[in-house]
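Just follow the structure's listing: the first ligand is 1, and inside any ligand the first atom is 1. All of these numbers come straight from a predicted model, not from anything done at the bench. Note: hydrogens, waters and symmetry copies are ignored here, and every other heavy atom, side chains too, is used.
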Amino acid sequence: MAGDRDGRDGSTGMGKTIVREKKRIRTASQKLVESLQRSNKRLSEANEELQEEIVGHRWLAEALRESEERHCAVLQTANDAIISIDSWGNIISWNRGAQVIFGYTEEEILGKEITVLIPRQFRDDFREGMARLSAGEGPDYKSWMNEFLGMRKDGSAFPTEVSLAEWKAGKDTFYTSIVRDITERKRAEEELKETNERLDLQNEELRVQGQELLEKSKELEKANQAKSEFLAHMSHELRTPLNVIIGFAELMQGQVPGKVNTEQKQCLDDILGSSRYLLTLVNDILDLTKIESGKVELRLRKVSLPDLVESIKSEIMPVLAKKRQSLEVKLGRGLPRVNIDEAKVGQVLINLLGNSAKFTPESGTLRIEAAREDNCCRVSVIDNGIGVREENQKNIFEPFYQVDRPLNNGLGGTGLGLTIARQIVEEHGGRIWVGSEYGKGSRFNFTLPLATDG
Ligand code: ADP
């Protein structure tokens with residue numbers, strides 16, 4: 001009974017325990033499963049992250065490789081030498097530019113000390129500089145690293161320009177420098193310097209020459225002034241006796257002091273001809289020198305050109321009459337008045353008309369024209385005479401210049417008329433020029449300033 005009881009009791013107790021145990025196990029395994037599932041999830045998440053990271057790394061590695069390739073390409077194609085060294089100064093990389101500049105191949109140079117690339121006398125300094133650089137005294141080092149002499153494999157030295165960058169890999173320090181061969185630049189600089197020095201020298205020489213010229217021109221001016229004064233004085237002194245000679249010759253020709261025979265008359269004609277010519281010459285020289293030395297003061301006033309032309313007619317018409325030449329006057333309508341020295345400009349007109357009469361055959365026609373031109377008045381004296389060849393046109397205003405002198409001599413004249421005319425016109429601020437066709441005639445033009453109120 002007791003056993004039954006026990007057994008019953010026992011089986012009942014056992015059963016319960018088993019049931020409980022089972023339940024506990026189930027719960028525990030359920031938890032385990034859940035925890036496993038959670039771990040699994042975390043693992044797969046971690047896995048995904050890892051995958052992403054791997055992809056990222058691969059991309060990074062690819063990008064790095066590409067950048068490295070680009071870097072290498074730049075390195076190799078650069079014309080400059082790009083050289084890297086370690087902190088002991090040993091060369092660890094060498095590009096094609098370096099090979100071209102220094103002459104060493106990569107195999108020859110890698111591992112060698114960088115000092116092989118500079119002349120011996122600078123190597124100790126260089127090493128000292130490197131030591132200072134390693135000790136962190138960079139700036140000082142850089143100052144002498146900017147330009148220095150490089151040395152090629154064949155031992156020849158050449159000027160270089162160097163820039164330097166420091167970089168680190170782990171604990172080690174490295175330096176990469178870009179070395180440029182500046183031989184050409186230096187030569188150009190040198191040439192420029194020499195050219196500048198030469199130019200400076202030439203400038204100085206020119207300055208000295210200019211100074212000398214200035215002094216010479218002052219001396220010449222003085223001499224010219226003295227010459228003008230001498231000529232003016234001499235001409236003045238010559239005029240008195242010449243007038244006496246002419247006066248007495250005329251008296252004798254008029255037989256006032258007594259009868260003269262034909263031969264004596266001929267002699268008197270010659271004396272008179274030459275004396276009058278001489279007097280004209282003396283007067284012309286006097287005029288010229290007076291103007292040249294600035295002794296002539298223009299008496300400017302407002303003059304009407306028709307009045308001026310009218311006033312000279314009385315003087316010029318007898319000259320024209322001798323060769324039966326006629327004079328036409330064609331003055332523009334409403335011609336403004338000019339601001340001139342009437343007597344002097346009248347002299348110019350008489351001079352030009354006299355020349356025209358002289359170089360125009362009998363019965364020829366002379367013409368005076370005048371017209372307004374911008375801010376001046378242009379006056380022209382025109383003839384249909386022998387004309388002036390083009391090659392002579394610029395010379396005829398020079399003193400004593402006469403075209404075909406021997407023939408001209410027959411016509412008289414001193415060769416000073418046009419020079420005086422030019423001076424008078426230029427004194428007025430105008431200009432004078434000739435237009436001519438040889439054999440057909442000439443046209444002498446000059447300009448005069450307008451009077452302000454016309
Ligand atoms: P000249 O006293 O000889 O006339 P000018 O100085 O007045 O001196 O003239 C210089 C030269 O210019 C003359 O000798 C002449 O050869 C030339 N000439 C001047 N005017 C005329 C003109 N109207 N026709 C041709 N030739 C001229």
Ligand-side contact atoms (ligand 1) for residue partner Lys358, heavy atom cut-off under 4.0 Å: 1 (P), 2 (O), 4 (O)
Ligand 1 N/O within reach of Val403 N/O, cut-off under 3.5 Å: yes
Salt-bridge criterion met for Arg123 and Glu113 (N-O under 4.0 Å): no
Contacting atoms of ligand 1, where contact means under 4.0 angstrom from a heavy atom of Thr414: 2 (O)
Cationic N near anionic O, under 4.0 Å, Glu250 to Arg276: yes
Residue portion contacting ligand 1 (non-hydrogen atoms closer than 4.0 Å) for Asn392: neither
Ile386 side, atom CD1; Ser442 side, atom OG - distance, nearest 0.5 Å: 7.5 Å
Nitrogen or oxygen of Val388 less than 3.5 angstrom from that of ligand 1: no
Any N or O of Tyr401 closer than 3.5 Å to N or O of ligand 1: no
Backbone or side-chain N or O of Asn355 under 3.5 Å from ligand 1 N or O: yes
Salt bridge Glu68-Arg65, side-chain N to carboxylate O under 4.0 Å: no
For Ser356, atoms of ligand 1 separated by under 4.0 Å from a heavy atom: 23 (N)
From Glu190, Glu161, Glu191, residue fulfilling salt bridge (Lys or Arg N to Asp or Glu O under 4.0 Å) relative to Arg185: Glu161
Pair Lys313 + Glu310: basic N to acidic O under 4.0 Å: yes
Sidechain N-carboxylate O distance under 4.0 Å for Glu373, Arg378: yes
Heteroatom distance test (Gly415, ligand 1): nitrogen or oxygen, under 3.5 angstrom: yes
Contact with ligand 1 for Phe444, non-hydrogen, under 4.0 angstrom: yes
